[in-house]
2 protein chains.
Amino acid sequence: MGTALQRTIQQLRSEDSEFFQIAISVDCVIFGFDKNELKVLLIKSDLEEFKDQWSLLGDLVRPDENLDSASYRVLKHRTGLDDVYLEQVYTFGEVTRHPAGRVISTAYYSLINIKDHQPVLSDNELHWHPVNEITTLAFDHKIILDTCLQRLQSKIEEHPIVFNLLPEKFSLRELQNLYEAILGVKMDRRNFRKKFFLMNWLEDMNELEQDVPHRPGKLYRFNTSRFPNGKMKTPMPV
Amino acid sequence: MGTALQRTIQQLRSEDSEFFQIAISVDCVIFGFDKNELKVLLIKSDLEEFKDQWSLLGDLVRPDENLDSASYRVLKHRTGLDDVYLEQVYTFGEVTRHPAGRVISTAYYSLINIKDHQPVLSDNELHWHPVNEITTLAFDHKIILDTCLQRLQSKIEEHPIVFNLLPEKFSLRELQNLYEAILGVKMDRRNFRKKFFLMNWLEDMNELEQDVPHRPGKLYRFNTSRFPNGKMKTPMPV
DNA sequence: TATAATTGTGTATAGGTTACACAGTGGTAT
DNA sequence: ATACCACTGTGTAACCTATACACAATTATA
């Protein structure tokens, strides 16, 4: 006797669809950065079991779409944005994780410039929440959020992805605030500047901040010539 | 109109089971270490499309078992081993990845002491292959293997998990050979020793190697008192 | 024109990583 | 028993990276 995988899908389906009682979904942790806080886009759960609780944005995967495509679809649907940074993190498959039945869910996180999203906020079930202030979520979504935040934290130590959270032009102070918000630490300003200039991730725009009540800082943008793909999208599995 | 996830599973099932046409499987990259080579346990594919090609060990997930449990089941079935190190890595969900139908597969890797497994090798469809010599596999399993190897490489830089690949007692030379095999680099012997003693991961057994045709090295074991859980198992998502 | 707030800059110290050579020990062959 | 072989076991100096830290310059504002 072989394992189930060794029979064909057609055989399995005709047998009794025992193996087709599991649904698969994607859940997206959509990060944004605003007022020096890292935020995540949440929606009110409409399941009776999780009435009035917030949950991540997700949907079931359709039989004819790739896993990544399902995430992009959710993002596009909820933010109106194409062309975003998206990374798969982990798949949550506890039997009991969804009260209505067996749903295995693959978690992604995505980084967007929160300003690009404002218009769609007319949907009043959607809200940006400071990550630090979230203590509970529907389903196992708090664990998913924590897992994605950890991945983001380790990812930014090596990879130039935080730029996806910023407008095209930004000051070094904004960039440092962002790192501090994600990592939850304070950093030394001089060392931070030194490190970034050495890494050569930044391109000097020869412009200054506007409308700040103090000496304005220089504006930079992400050094696109060093990273020809521009902002990285959906890296292959790490 | 909501998304599919907002309806209940019962509703979905009764509608037309559109969302229950996807099967989910686990694939296990089972690593071992023998003759100074990193090896992986493979099985001959019995699908017509991949006749005579090797593939990873996997199976469909049953509706009533957790994702992790499915991996453990596959491992137990194929190696006879309980109590192994197992880590989820990535979920592969391309629509076309399985020729017989839509199967989304979550990849795990596992580390076992190859000597513990020898008896079960009577199953002649199973074979240990040097990772370095594998160029193609059935399905997308070569990509899965590469992904798991990369994860293993980055994991051992920080975490004491390689001990799962070794017998209880081992020499520093064996340990270094193992690191070199996994990372694909040569290391300096003195610096390697210094680093390990500083990390305090090792416990001196006050015994010497036997049956080596040269000066025998001291034997060590993994410092279980510093890591009370013994060899780490199935860490939570990173 | 003085004050407040922030930007922009360099150096010294500590800590970790790398490179590197020789004496000691057990096994083996003569 | 002796010589040889192959490996183990050990320390130090050079280098590089990360950290700690203070003051002058600039703009907005009162």
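Lettering follows sequence order; numbering is per chain, from 1. Worth knowing before you read on, the calculation uses all heavy atoms, side chains too, and leaves out hydrogens, waters and symmetry mates.
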Query raised in the report: Where does the angle between the aromatic ring planes of Phe139(B) and Phe50(B) fall among parallel (under 30°), tilted (30 to 60°) and perpendicular (over 60°)?
Result: tilted
Requested in this report: Using atom CE of Met187(A) as one end and atom P of dT19(D) as the other, report the distance to the nearest whole Å.
Outcome: 9 Å
Query raised in the report: Using 30° and 60° as the class limits, which term best fits the ring planes of Tyr85(A) and Tyr109(A): parallel, tilted or perpendicular?
Result: tilted
Query raised in the report: Just the endpoints, please: which first and last nucleotides of DNA chain C, 5' to 3', lie under 4.0 Å from a heavy atom of chain B?
Result: dT18(C) to dG27(C)
Report task. Just say parallel, tilted or perpendicular for the rings of Phe192(B) and Tyr179(B), cut-offs at 30° and 60°. Result -> perpendicular
Report task. In whole angstrom, give the distance that lies between atom NZ of Lys218(A) and atom C1' of dT27(D). Result -> 16 Å
Query raised in the report: Under the side chain to side chain donor-acceptor pair (under 3.5 Å) test, which residues partner Ser225(B), sequence neighbours left out?
Result: Asn223(B)
Query raised in the report: Residues in side chain to side chain donor-acceptor pair (under 3.5 Å) with Asp146(A), at least two apart?
Result: Lys142(A)
Query - d(NZ, Lys195(A); P, dC16(D)) in whole Å - result: 19 Å
Are any protein N/O atoms closer than 3.5 Å to N/O atoms in nucleotides 10-14 of chain D? If there are, list each pair with its distance.
from    : atom 1 : to        : atom 2 : distance (Å)
dT12(D) : O4     : Lys194(B) : NZ     : 2.9

Requested in this report: Round to a whole Å and report the spacing from CD of Glu209(A) to C1' of dA28(D).
Outcome: 13 Å
Report summary line: note: His214(B), atom NE2; dG9(D), atom C1'; distance rounded to Å ~ 13 Å
Report task. Could you tell me whether Arg97(B) and Asp27(B) make a salt bridge, using a distance below 4.0 angstrom between a side-chain N and a carboxylate O? Result -> yes
Query raised in the report: Between Trp201(B) and Phe227(B), how do the two ring planes meet: parallel, tilted or perpendicular, split at 30° and 60°?
Result: perpendicular
Query raised in the report: Who pairs with Asn177(A) by side chain to side chain contact (heavy atoms under 4.5 Å, CB included), at least two apart in sequence or on another chain?
Result: Phe33(A), Asn36(A), Arg173(A), Glu180(A)
Query raised in the report: Starting at CZ of Phe192(A) and ending at C1' of dA18(D), how long is that distance when rounded to a whole Å?
Result: 15 Å
**Report entry** Check: Arg215(A) side chain, dA25(D) base, donor-acceptor under 3.5 Å
**Finding:** yes
Report task. Could you pick out which residue, Val212(A) or Arg173(B), lies toward the 5' side of DNA chain D when each is mapped onto its nearest nucleotide? Result -> Arg173(B)
Report task. Tell me which of Pro213(A) and Pro216(B) sits closer to the 5' end of DNA chain C, going by the nucleotide each one is nearest to. Result -> Pro213(A)
Report task. Keeping to residues at least two apart or across chains, list the salt bridge (Lys or Arg N to Asp or Glu O under 4.0 Å) pairs with something in residues 197-211 of chain B. Result -> Lys169(B)-Glu207(B), Glu203(B)-Arg221(B), Asp204(B)-Lys218(B)
